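One structure below.
Here is how names work: the chains are called A, B, and so on, in the same order as the sequence lines, proteins then strands, and each is numbered from 1. Please read these numbers as outputs of a predicted model, since none were measured by experiment.
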Number of protein chains: 2
Amino acid sequence: MHHAKIDPMPVAKQLALTEEQVLLIGKALADPRRYEILKRLSDHERGMECSSVRDCFDISPATLSHHMKELEVAGLVQSVRKGKFVSYLVRREMLDAYLRRLQADLG
Amino acid sequence: MHHAKIDPMPVAKQLALTEEQVLLIGKALADPRRYEILKRLSDHERGMECSSVRDCFDISPATLSHHMKELEVAGLVQSVRKGKFVSYLVRREMLDAYLRRLQADLG
DNA sequence: TCATCAATTCGATAGTTATCGAAATGTCGA
DNA sequence: TCGACATTTCGATAACTATCGAATTGATGA
């Protein structure tokens, strides 16, 4: 039997994290600078330029780059290059997955 | 105007965490051993003896003691001494407070 | 009191990480 | 192509932490 295809309702996908990801996210959240950066980033739905982040935090380019990489490896942010510039976006679905996971494992 | 006092419904108190506590909890959760210990502990509503935890994890007494202290400093567990023995309990309300806080700060 | 046992603290070591200056990479506009 | 600029990578250092054996503390029972 056939059904006509219909546009599916957009479904928020429920990521499942590996054990390793859970630990990487924990680590990412455990550093004060990264936590602050992430908090700031989460206020900017459309993303934030690298240089804007730098302006907020009195931090060297090298150190910022290091922290952004940690956040990216953990999956909590995504970076987008536009020419010379890089913008960072929070990946909310990863945070959600982390919260669900903590609740499931420990709650 | 007066009302007769009635037994209050037990209210789960909503802890508010300091910035420092948030980071300590993150750190506590970022170590694989501590995460496993906490997971195991959360399966035992009534608490778990130190020696039982040791049996689960092939870990030296010194190292276990170190990790339990980290978890306690973070506020995630509570230790109760009964004579020679120590039992550990998960403080669920701290975990809840942590989850709420992440949601509020980053969600 | 004393020997014993559970747990913690001490001391040392190996591995990790935050930090930043300097060098490198990559992109844009002239 | 070239110079300027944004970001990353490299290299080095200081601080932190996980680990464990040894020494210590504290409590029990004999």
How is Lys27(B) classified with respect to the nucleic acid when contacts are heavy atoms under 4.0 Å: base, sugar-phosphate, or nothing?
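Here Lys27(B) touches the backbone only, sparing every base.
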Separation of atom [atom1] in [X] from atom [atom2] in [N], rounded to whole Å:
{"X": "Arg81(A)", "N": "dT25(C)", "atom1": "CZ", "atom2": "P", "answer": "14 Å"}
{"X": "Glu70(B)", "N": "dC16(D)", "atom1": "CD", "atom2": "P", "answer": "13 Å"}
{"X": "Met68(B)", "N": "dA18(D)", "atom1": "CE", "atom2": "C1'", "answer": "16 Å"}
{"X": "Asp31(B)", "N": "dG15(C)", "atom1": "CG", "atom2": "P", "answer": "17 Å"}
{"X": "Lys84(A)", "N": "dG3(D)", "atom1": "NZ", "atom2": "C1'", "answer": "11 Å"}
{"X": "Phe85(B)", "N": "dA27(D)", "atom1": "CZ", "atom2": "P", "answer": "13 Å"}

Residue pair Leu106(B) / Leu29(A), side-chain heavy-atom distance below 4.5 Å:
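Yes, at least one pair of side-chain atoms sits under 4.5 Å.
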Flag the pair Lys82(A) / Glu49(A) as yes when at least one side-chain heavy-atom distance between them is below 4.5 Å, and no otherwise.
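They are not in contact (no side-chain heavy atoms under 4.5 Å apart), so the answer is no.
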Contact residues, residues 37-47 of chain B to DNA chain D [heavy atom, < 4.0 Å]:
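Hits under 4.0 Å, by residue number: none.
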So which of residues 54-67 of chain B are in contact with DNA chain D, with a heavy-atom cut-off of under 4.0 Å?
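Here the set is Ser60(B), Ala62(B), Thr63(B), His66(B), His67(B).
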Which of the following nucleotides, dT28(D), dA7(C), dC20(D), is nearest to the side chain of Arg33(B)?
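Shortest atom-to-atom distance from the side chain points to dC20(D).
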Choosing from dA7(C), dT7(D), dT9(D), which nucleotide comes nearest the side chain of Lys69(A)?
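Selected nucleotide: dT9(D).
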Looking at [Y] and [X], is any side-chain nitrogen of the basic one under 4.0 Å from a carboxylate oxygen of the acidic one?
{"X": "Arg91(A)", "Y": "Glu72(A)", "answer": "no"}
{"X": "Glu19(A)", "Y": "Arg101(A)", "answer": "yes"}
{"X": "Glu45(B)", "Y": "Arg92(B)", "answer": "yes"}

Just how far is it from atom NZ of Lys27(B) to atom NZ of Lys27(A), taken to the nearest 0.5 Å?
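Here the rounded value is 13.5 Å.
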Rounded to the nearest 0.5 Å, what separates atom CG in Leu23(A) from atom CG in Asp31(B)?
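Reported value, rounded in 0.5 Å steps: 8.0 Å.
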If you pin Arg34(A) and Gly83(A) to their nearest nucleotides in DNA chain C, which one's is more 5'?
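Result: Arg34(A).
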Test your reading of the model: is there a side-chain donor-acceptor pair from Arg33(B) to the backbone of Leu64(B), 3.5 Å cut-off?
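No, the answer is negative, given that no donor and acceptor are paired below the 3.5 Å cut-off.
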With a 6.0 Å cut-off (strictly less than), is the heavy-atom count around NZ of Lys39(B), excluding the residue itself, greater than 12?
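Yes - once you tally the heavy atoms of other residues, nucleotides and ligands closer than 6.0 Å, there are more than 12.
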